[in-house]
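Worksheet for the structure shown next.
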Amino acid sequence: MEELSKRYVPGEIEDTWYKHWMNAGYFRSTPDEREPFTILIPPPNVTGQLHMGHILNNTIQDTLIRRARQEGKNACWVPGMDHASIATEAKVVALLREQGIKKSDLTREEFLAHAWAWKEKYGGIIFNQLQKLGASCDWERSAFTMDEIRSDAVISIFVDLHKKGRLYRGKRMVNWDPSAQTVLSNEEVIYEEEKAILFKVKYKVVGTKDQWITIATTRPETILGDTAIAVHPDDKRYTALQGKKVQVPLIEREIPIIADSYVDIEFGTGALKVTPAHDINDYEIGKRHALEVIDVLNPDGTMSPAAQLFVGLDRDKARKKMVAALEEAGYLVGTEDLIHNVGRSERTRVIVEPRLSLQWFVDTKALADPALVAVMENEIEFYPENLKNTYRHWMTNIRDWCISRQLWWGHQIPAWYLKNESSKALSTDADEPVFVAHTALEALEEAKKITGRTDLTLADLQQDEDVLDTWFSSWLWPISVFNGFRDKKELDYYYPSNVLVTGWDIIFLWVARMIMAGYEWKGEKPFQSVYFTGMVRDQQRRKMSKQLGNSPDALGLIEQFGADGVRYGIMASAPAGGDILFDEKLCELGRNFCNKVWNALRLVTSWEVDTRLAHDEGRALAIRWIKSRMAEVDTQLRSDYKQFRLSEGITTLYSFVWNDFCSIFLEVIKPTYGEASDQKSYEATQEVFEDICKLLHPYMPFITEEIWHKLRDRTAGDDCMIALLPNHLGSADKDVTGLFNHVLDVKTSVLELRNQHQLSPKEVMYLVYPSDPELIKLWNTPGAKFVLKKLANAECNEGEGTGVSFLAGKYQYYAALSISVDKEAEIKKMEEEITYYEGFVKSVDKKLGNEKFVANAHPDVVEKERQKKADGLLKIEQLKKSIAQLN
RNA sequence: GGGUGAUUAGCUCAGUUGGUUCAGAGCGCUGCCUUGACAGGGCAGAGGUCAGCAGUCCGAGCCUGCUAUCACCCACCA
């Protein structure tokens with residue numbers, strides 16, 4: 001037998017087994033006659049590096065997929081990557097800037113060449129990292145949202161939606177990211193409360209000598225774009241001013257005072273400056289009153305020529321200058337502190353600017369209907385269920401989805417326009433004819449048909465320069481990963497997938513939209529269940545982020561604690577939906593657990609087997625007991641998996657392995673020191689250990705595989721990973737459990753006595769038992785060396801010490817201690833116990849005396865109460881006997 | 001403003017159909033142990049009025065209502 005190290009050392013073992021599994025093709029799935037079990041990875045960003053969120057998310061998926069494999073299903077976990085339009089483009093732009101290259105100096109093609117080169121170099125790092133974690137993805141199926149198949153799907157769907165009339169191009173107030181210089185969807189804007197200053201500025205009423213109206217604003221720089229002042233129609237303070245004109249400070253443009261019920265009389269001064277170009281509400285007011293729209297900002301957030309002042313200055317700087325100028329000229333009449341919500345770009349974190357622009361939208365209303373019903377009627381199950389409410393709220397108030405992005409990295413919108421002769425720029429006219437088609441040639445045909453101009457050539461057409469929102473490719477993922485828009489063969493087998501594992505933060509961005517797409521193009525739900533994970537936070541409940549530096553180095557953790565240790569750490573704290581307060585300490589626990597199991601292996605493999613040895617009764621009982629416990633654990637696990645209670649599952653296993661298997665079973669079953677094991681005990685131990693490996697494998701794949709192979713010699717292909725789950729576990733054996741628990745009681749009592757009397761564990765203790773649970777004789781307790789003597793009472797022979805009694809279960813025992821014991825104290829202690837049990841019996845009696853209880857409660861419950869009473873009385877009786885004997 | 005969830009030991013949290021020692025686990029803490037698989041270990045112990053109030057019930061940590069505090073989501077805020 002080879003010598004095993006004292007501690008489990010994960011590093012090499014993990015690499016070896018991962019390679020072994022890969023080479024054996026265990027991760028690979030192709031359709032066959034078995035029942036499929038499918039999971040699609042939420043594709044990480046191509047720019048992504050493994051972080052705690054990924055570890056959480058992918059450990060869950062791997063656990064589920066490995067369990068399914070053990071259940072004999074055709075398990076298929078499809079990996080993939082997301083091109084992450086805005087995030088990736090930002091990274092590439094930054095990288096180019098470092099090299100002294102400006103994006104604006106590049107053509108689209110040049111830029112994309114850089115981007116692809118970058119993708120080839122850095123993309124997919126995360127795949128290797130996932131492999132370190134043990135992810136059993138079918139890597140041959142790896143998909144990328146911008147590869148040929150997936151791109152084709154995106155373009156086809158855009159064309160299809162256009163054909164169905166569910167797409168439109170319109171000029172709308174949108175969320176503008178001045179840093180990335182693109183529009184964002186509502187879901188990509190994060191609102192947070194921030195401190196601001198509310199400036200009060202007075203405007204002079206035209207035609208008066210010294211009459212003013214004061215407004216309140218947090219954005220004084222937009223004053224330059226004001227085209228009206230609005231007051232509430234019922235606001236008496238301003239009735240006289242309605243219809244008059246005022247002068248915009250500093251630039252003296254004349255604008256009207258209008259009445260609009262949008263204005264809140266209570267807020268600020270009750271007078272609102274209206275800047276239709278820079279505020280969604282102002283824009284609406286502007287439309288109602290046919291106000292002019294003056295856009296004082298450039299797309300990059302600097303002041304535009306229309307502002308007249310501070311042109312070219314960034315909006316922040318312009319604000320400071322504006323305030324100074326207003327103050328100097330005497331227009332600023334006061335300031336106030338204010339806390340208000342500020343929208344920031346999810347990706348670039350800059351403040352989002354409301355901006356009027358021409359964009360593509362999906363009319364989502366019709367898509368939402370079946371998707372809403374599916375979830376509300378549990379056609380698709382949400383875990384935790386309460387997210388259904390959130391989902392319903394969003395779905396019933398769904399707004400159109402802005403899908404165009406002013407970026408280059410992504411799927412270019414398959415829409416063509418006639419080239420504008422006068423300028424290179426595309427028209428900003430929403431009514432301009434547009435030709436949507438899969439290719440430029442098809443678009444040309446379309447253009448000829450629509451315009452009637454047969455002389456048109458490709459040169460007359462220009463493709464839309466924008467790309468599509470990343471989520472526009474993500475929402476097709478459940479279908480596109482199987483090339484399902486072109487070829488139904490695999491799709492029909494694997495679709496719908498069994499479970500989607502993702503964070504609740506993208507329930508709208510992604511989950512809802514996949515459901516919509518699933519029903520629209522496959523006519524069926526995309527997945528059976530959704531397991532929403534919580535966010536991984538630190539001990540102070542802060543989100544993990546690079547800026548805070550509170551995000552542990554994921555790979556470092558794996559190195560430090562082993563993949564299994566990290567998997568344990570994250571799974572032990574990951575109930576569905578709830579946030580996870582991650583602590584490295586949990587990984588340490590996982591590592592310690594590995595070590596515990598490893599040492600159990602060391603113990604078992606160190607045994608010699610002697611076939612001549614008899615299999616004794618005590619060990620036979622222990623085997624019955626551990627199998628009974630195993631059956632209970634198995635039942636529990638099945639139910640945990642069914643309900644996605646994965647953290648409960650690992651906790652159950654942890655406790656079973658550590659307490660039941662190691663602390664109790666192995667202690668009983670192991671050969672007496674210096675002796676060998678009997679054959680039956682040894683084989684049973686191997687069997688139980690193997691079953692433990694199988695049950696633990698989905699959570700901790702590496703160590704279980706290693707132990708599987710160390711436990712006995714295996715033929716090729718006999719691997720834990722593909723071993724089918726045991727189905728011979730049977731059910732719990734109550735008789736055996738009761739007996740064993742009693743033995744444990746005695747053991748605990750003896751140890752307690754030792755502790756109490758400060759006796760050395762080496763000291764021999766004589767134990768006297770009243771009835772004859774013979775099995776206690778067989779109890780092999782390290783550190784609690786006691787010799788059993790069957791005596792009628794607490795008499796002790798010369799040299800055996802003083803008799804002390806204790807209760808274990810319902811039996812009274814006597815221990816002979818080598819030291820003298822204070823009799824009075826012993827009696828007092830027992831009297832206290834009697835008092836306790838008398839009170840206990842009294843309360844049970846009260847219950848049993850209650851007619852309504854006896855009449856209404858389940859007979860079982862009543863019977864149990866009666867039993868409790870009988871036990872209590874018995875204990876009192878025995879205690880009294882003991883006292884009498886001591887006296 | 002609309003909604004969701006939470007409140008149980010010093011900390012993080014389980015507690016599934018209301019009913020057995022149901023008041024639990026892990027960590028932390030205290031004491032003892034160089035045990036023959038494991039000090040990354042073992043044994044034992046202390047710690048809680050289950051947020052509060054009221055109700056339903058024979059019986060409430062669990063069900064109902066209200067209150068308090070906290071967290072998050074959606075919408076909106078000059």
Side-chain angles (χ1 to χ4, degrees), chain A residues 4 6-8 186 191 196 198-200 215-219 222 230 262-264 267-275 279-282 338-341 384 386-390 392-394 397 504-505 507-508 535 539 541 561 565 572-573 575 577-581 583 585-586 588-589 591-607 639-640 643 645 647-648 651 654-655 662-663 666-667 670 672-674 747-748 751-756 758-762 781-785 840 847 850-858 860-865 867-868:
Chain A
L4 297 180
K6 208 168 167 183
R7 289 180 177 175
Y8 172 63
N186 294 323
Y191 289 92
L198 188 62
F199 299 93
K200 296 191 176 168
I215 58 89
T217 181
T218 55
R219 303 205 54 192
T222 64
Y262 167 78
V263 180
D264 179 356
F267 191 92
T269 61
L272 169 72
K273 71 186 222 37
V274 183
T275 322
D279 184 281
I280 178 76
N281 295 302
D282 290 12
L338 179 78
I339 291 177
H340 69 155
N341 272 347
N386 58 28
L387 280 165
K388 278 166 72 177
N389 285 321
T390 311
R392 182 187 53 211
H393 183 259
W394 191 76
N397 296 289
W504 49 256
D505 54 331
I507 184 170
F508 308 133
M535 300 292 105
Q539 289 300 93
R541 292 192 181 276
F561 300 110
S573 59
D579 281 358
I580 289 151
L581 271 55
D583 190 344
K585 205 137 213 174
L586 288 165
E588 201 180 318
L589 283 182
R591 180 201 59 184
N592 293 354
F593 183 43
C594 288
N595 207 46
K596 187 75 184 175
V597 185
W598 181 252
N599 275 289
L601 174 74
R602 281 184 69 205
L603 175 66
V604 174
T605 52
S606 73
W607 296 346
S639 137
D640 287 342
Q643 298 169 73
R645 295 159 64 102
S647 61
E648 279 82 355
T651 307
Y654 179 91
S655 151
C662 292
S663 297
L666 289 180
E667 291 298 346
K670 76 178 177 189
T672 314
Y673 184 60
K747 180 192 168 194
T748 304
L751 293 174
E752 202 180 330
L753 266 183
R754 281 186 193 285
N755 264 318
Q756 201 183 324
Q758 304 272 302
L759 292 176
S760 158
K762 282 175 185 156
T781 313
K785 289 179 187 161
F840 176 72
K847 224 177 190 180
N850 186 331
E851 283 172 31
K852 286 186 175 175
F853 170 71
V854 180
N856 294 336
H858 279 284
D860 290 356
V861 175
V862 179
E863 184 45 44
K864 275 168 193 162
E865 290 298 317
Q867 194 58 49
K868 267 158 77 178

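Just so we're clear, the structure is a prediction, and the values are computed from it rather than from any experiment. Note on naming: letters A, B, ... go to the chains in the order of the sequence lines (proteins, then strands), and numbering restarts at 1 for each one.
Using a 4.5 Å cut-off on side-chain heavy atoms (C-beta onward), A/V861 and A/F853 make contact. With contacts defined as side-chain heavy-atom distances shorter than 4.5 Å, the pair A/R219/A/F199 does not qualify. You'll find the side chain of A/L4 stays beyond 4.5 Å of the side chain of A/Y8, heavy atoms only. Between A/L198 and A/H340 there is no side-chain heavy-atom pair separated by less than 4.5 Å.
Summarising the geometry, the separation between CZ on A/F508 and P on B/rU4 is reported as 14 Å, rounded to the nearest angstrom. Distance, A/R7 CZ to B/rA37 P: 17 Å, rounded to whole Å. A straight line from CG of A/L589 to C1' of B/rC11 spans 14 Å, rounded to a whole angstrom. For the pair A/Q867 CD and B/rG19 C1', the computed distance is 16 Å after rounding to whole Å. Rounded to a whole Å, the CG atom of A/L666 is 14 Å from the C1' atom of B/rG42. A/N341 has its CG atom 11 Å from the P atom of B/rC73, to the nearest Å. What separates CG of A/N595 from C1' of B/rA37 is a distance of 10 Å, to the nearest Å. Per the geometry, CG belonging to A/L4 stands 12 Å off C1' belonging to B/rC38, to the nearest Å.
Side-chain proximity of A/K864 to B/rU20, B/rA37, B/rC43: nearest is B/rU20. Side-chain proximity of A/L198 to B/rA78, B/rA37, B/rU4: nearest is B/rA78. Closest to the side chain of A/E667, from the set B/rC58, B/rC38, B/rC13, is B/rC38. In this structure, the nucleotide among B/rC73, B/rG19, B/rA37 sitting nearest to the side chain of A/K670 is B/rA37. Nearest to the side-chain atoms of A/Q643 among the listed nucleotides B/rU16, B/rC73, B/rG19 stands B/rU16.
The gap from the C1' atom of B/rU16 to that of B/rC32 amounts to 39 Å, rounded to the nearest Å. Using atom P as the reference point in both B/rA75 and B/rC13, the two lie 28 Å apart (nearest Å). Separation of the P atoms belonging to B/rU12 and B/rA78 is 37 Å when rounded to the nearest angstrom. Of the C1' atoms belonging to B/rA14 and B/rC22, the separation is 13 Å, rounded to the nearest Å. Straight-line distance between the C1' atoms of B/rA23 and B/rG59: roughly 16 Å, to the nearest whole Å. Taking atom P on both B/rU30 and B/rG36, the two are 26 Å apart, rounded to the nearest angstrom. Spacing between B/rG55 and B/rG3 at atom P, rounded to whole Å, works out to 28 Å. Separation of the P atoms belonging to B/rU4 and B/rC43 is 47 Å when rounded to the nearest angstrom.
Between A/K596 and B/rG41 there is no side-chain N or O to OP1 or OP2 distance below 4.0 Å. For the OP1/OP2 pair of B/rG40 and a distance below 4.0 Å, the side-chain nitrogens and oxygens of A/R591 include no atom meeting the criterion. Under 4.0 angstrom from either OP1 or OP2 of B/rG15 there lies at least one side-chain N or O belonging to A/R645.
A/K6 comes within 4.0 angstrom of sugar-phosphate atoms only, judged by non-hydrogen atoms across all strands, and of no base. At a threshold of 4.0 angstrom between heavy atoms, the contacts of A/N850 are confined to the sugar-phosphate backbone, with no base atom among them. If you check every strand for non-hydrogen atoms under 4.0 Å, A/L272 touches a base. A/L586 comes within 4.0 angstrom of nothing in the nucleic acid, heavy atoms only. No engagement by A/I215 is indicated, since no non-hydrogen atom pair under 4.0 Å with the nucleic acid exists. Looking at heavy-atom distances under 4.0 Å, A/D264 makes contact with a base. Nucleic acid contact class of A/C662 (heavy atoms, under 4.0 Å, all strands): base. Within 4.0 Å of A/V263, counting heavy atoms only, lies at least one base atom of the nucleic acid. Nucleic acid contact for A/K868: sugar-phosphate only, since backbone atoms but no base atoms lie under 4.0 Å from a heavy atom of the residue. As judged by a 4.0 angstrom heavy-atom cut-off over every strand, A/N856 is placed among the base-contacting residues.
Across the strands present, B/rC63 finds its partner in B/rG55; the criterion is a Watson-Crick or G-U wobble pair with both atom distances under 3.5 angstrom. As the counterpart of B/rC11, B/rG26 is assigned, both hydrogen-bonding distances of the Watson-Crick or G-U wobble pattern falling under 3.5 Å. Applying the Watson-Crick and G-U wobble criteria (two distances, each under 3.5 Å), B/rG1 pairs with B/rC74. Checking B/rU20 for Watson-Crick or G-U wobble geometry (two distances, each under 3.5 Å) identifies no partner in any strand. Nucleotide B/rC43 forms a pair with B/rG31, judged by Watson-Crick or G-U wobble geometry with both contacts under 3.5 Å. Of the nucleotides present, B/rA6 is the one that pairs with B/rU69 by Watson-Crick or G-U wobble criteria, both distances under 3.5 Å.
Look at B/rU56: its glycosidic torsion is beyond 90° from 0, and that puts it in the anti range. Glycosidic conformation of B/rG55: anti, with the torsion beyond 90° of 0.
Ranked by how close their nearest RNA chain B nucleotide is to the 5' end, A/F267 and A/N386 are led by A/N386. Heavy-atom nearest nucleotides on RNA chain B were determined for A/N186 and for A/G270, and the one closer to the 5' end corresponds to A/N186.
Salt bridge present: A/K868 and A/E865 bring a charged side-chain N and a carboxylate O closer than 4.0 Å.
Within the model, atoms CZ of A/R7 and CG of A/N599 stand 9.5 Å from one another, a figure rounded to the nearest 0.5 Å. Considering NZ of A/K585 and CG of A/N592, their distance stands at 10.5 Å, rounded to 0.5 Å.
Ring geometry for A/F508 versus A/W394: interplanar angle under 30°, hence parallel rather than tilted (30 to 60°).
The backbone N or O of A/T275 sits nowhere less than 3.5 Å from a side-chain atom of A/D279 that would complete a donor-acceptor pair.
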